[in-house]
Amino acid sequence: MKPLPEIKLVPNRPALDERPLERRVGLIILATDHTTEPDFRRMVASERIGVYVARIPYANPTTPENLRKMQPALTAGAALILPDEPLDAICYSCTSASVVIGDGEVEAAIQAAKPGVPVVTPTMAGVRALNAFGVRRISILTPYTMETSRPMATYFAGRGFEILSFSCLGFEDDREMARIAPAALVDLARQAMHPQADALFVSCTALRGALVVTGMEEAIGRPVVTSNQATAWNCLRLCSDETAHPEFGRLMTLPLPRD
């Protein structure tokens with residue numbers, strides 16, 4: 001073995017940028033999630049915006065009781081995302097759990113670890129998205145069972161929306177929800193849309209709906225809001241990114257409305 005060279009310490013350290021990337025989005029997702037990371041990589045991440053992910057424990061089936069069990073893990077999950085460094089937004093990527101836990105409780109749990117950071121949930125973002133379109137009469141499509149879908153109907157009705165139709169697919173496992181072919185969602189959107197509704201909300205971060213928003217919009221002739229599309233849009237706008245991305249649906253051309 002040849003002698004090792006002498007290791008020399010460079011006397012002058014290079015100057016440091018303020019941040020490796022200009023903007024930071026934190027993402028808290030379920031241990032079983034197949035879809036949110038690819039969607040955020042596609043719609044949010046860029047040379048300017050970094051997406052930083054933590055996974056928290058979750059066990060199927062997707063019932064209100066199991067969804068509620070994630071609440072204690074939210075603070076610890078948030079704390080693991082770039083500890084002691086500020087974020088521009090942090091998203092908890094579970095629509096049905098945001099309903100049963102409550103947006104306010106999710107926000108409080110995350111801000112216990114990340115004080116002052118704007119928190120986004122799919123339900124918060126969905127309401128903002130529908131408000132951005134100025135619609136009140138909606139149809140809703142979920143992959144859930146009826147038990148898990150009922151709180152979703154109550155949530156949107158409680159925020160002033162008139163639900164003209166609500167369709168659910170009866171799935172209990174979010175890993176199976178992620179395996180629904182995007183093309184099938186276009187046909188399901190067409191079936192779920194009430195003729196008098198002004199927009200369709202497609203719930204669930206497991207669904208690959210963001211891939212076919214434009215196809216769904218063409219099929220029904222009205223705006224479509226999906227969980228991951230809405231959270232991506234909300235996070236982009238919180239990062240002061242106003243770039244229009246019509247390839248991800250009409251929503252991605254709109255500004256974030258004031259709450």
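Residue indices begin at 1 and follow the sequence shown.
Between the Thr75 side chain and the Ala109 main chain, a donor and an acceptor come within less than 3.5 Å of each other. For the pair Gln229 (side chain) and Phe248 (backbone), a donor-acceptor distance under 3.5 Å is present. Between the side chain of Lys114 and the backbone N or O of Ile81 there is at least one donor-acceptor pair closer than 3.5 Å. Distance alone, capped at 3.5 Å, is enough to place a donor-acceptor pair between the Asp33 side chain and the Thr36 backbone. Panel note: side chain Arg150, backbone Thr154; no donor-acceptor pair is recorded below 3.5 Å. Checked by atom type and distance alone, the side chain of Arg237 pairs as donor or acceptor with a backbone atom of Leu254 at under 3.5 Å. Within the 3.5 Å criterion, the main-chain N or O of Glu22 finds a donor-acceptor partner in the side chain of Arg19.
The hydrophobic clustering, which links ILVMFWY residues whose side-chain heavy atoms are closer than 4.5 Å, places Val117 and Leu80 apart. Hydrophobic clustering places Phe133 together with Leu200 (ILVMFWY residues linked when any side-chain heavy atoms are closer than 4.5 Å, directly or through intermediates). Follow the hydrophobic side-chain contacts under 4.5 Å out from Val202 and you never reach Leu164; the two are in separate clusters. By the rule that hydrophobic residues join a cluster once side-chain heavy atoms approach within less than 4.5 Å of another member, Val100 and Met124 end up as members of separate clusters. Residues Phe166 and Val224 are members of one and the same hydrophobic cluster, defined by side-chain heavy-atom contacts under 4.5 angstrom among Ile, Leu, Val, Met, Phe, Trp and Tyr.
Between Val10 and Lys8 the shortest side-chain heavy-atom distance does not fall below 4.5 Å. For the pair Met43/Pro38, no side-chain contact is recorded, criterion being any heavy-atom separation below 4.5 Å from C-beta on. Side-chain contact between Leu251 and Thr253 is absent, with no heavy-atom pair separated by less than 4.5 Å. No side-chain heavy atom of Thr35 sits under 4.5 Å from any side-chain heavy atom of Leu207.
Using a cut-off of 4.0 Å between Lys/Arg side-chain N and Asp/Glu carboxylate O, Arg222 and Glu217 are scored as not salt-bridged. With respect to Asp88 and Arg24, no salt bridge is recorded, no charged nitrogen being found less than 4.0 Å from a carboxylate O. Ion pairing of Arg136 with Glu162 is absent here, as no side-chain N (NZ or NE/NH1/NH2) approaches a carboxylate O to less than 4.0 Å. Salt-bridge check for Arg55 with Glu37: passed, with a basic side-chain N closer than 4.0 Å to an acidic carboxylate O.
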**OP:** Output, in order, the C-alpha distance, side-chain angles, deciding distance and verdict of side-chain hydrogen bond (donor to acceptor under 3.5 Å, both in side chains) for Thr205 and Thr95.
**Re:** CA-CA 6 Å; Thr205 58; Thr95 322; 4.9 Å; no
**OP:** Take Asp241 and Thr243, measure what side-chain hydrogen bond (donor to acceptor under 3.5 Å, both in side chains) needs, and give me the verdict at the end.
**Re:** CA-CA 6 Å; Asp241 188 327; Thr243 307; 2.9 Å; yes
Subject >> Pair Asp174-Thr62, side-chain hydrogen bond (donor to acceptor under 3.5 Å, both in side chains): steps then yes or no >> reply: CA-CA 7 Å; Asp174 71 315; Thr62 302; 5.0 Å; no
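In this structure Tyr92 satisfies the ring-ring contact (aromatic ring centres under 6.0 Å, His included) test with no other residue, sequence neighbours excluded.
Here Phe171 and Tyr144 keep their ring centres 6.0 angstrom or further from each other.
Few gaps surround CD on Glu247; more than 12 heavy atoms of other groups in view lie less than 6.0 Å from it.
In summary, the side chains of Thr148 and Ser96 do not present any donor paired with an acceptor at a separation below 3.5 Å, with no hydrogens or angles considered. No donor-acceptor contact under 3.5 angstrom links the side chains of Ser98 and Asp103, judged on distance only.
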Just distance, no hydrogens or angles: give the donor-acceptor pairs under 3.5 Å from side chains in residues 178-194, sequence neighbours left out.
residue: Asp187; atom: OD1; partner: Arg190; partner atom: NH1; Å: 2.8
residue: His194; atom: ND1; partner: Gln196; partner atom: N; Å: 3.0

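Clustering of Ile, Leu, Val, Met, Phe, Trp and Tyr by side-chain heavy atoms under 4.5 Å joins Leu4 with Met1.
Figure legend: cation-pi geometry between Arg159 and Tyr155, with NZ or CZ positioned under 6.0 Å from the six-membered ring centre and within 45° of its axis.
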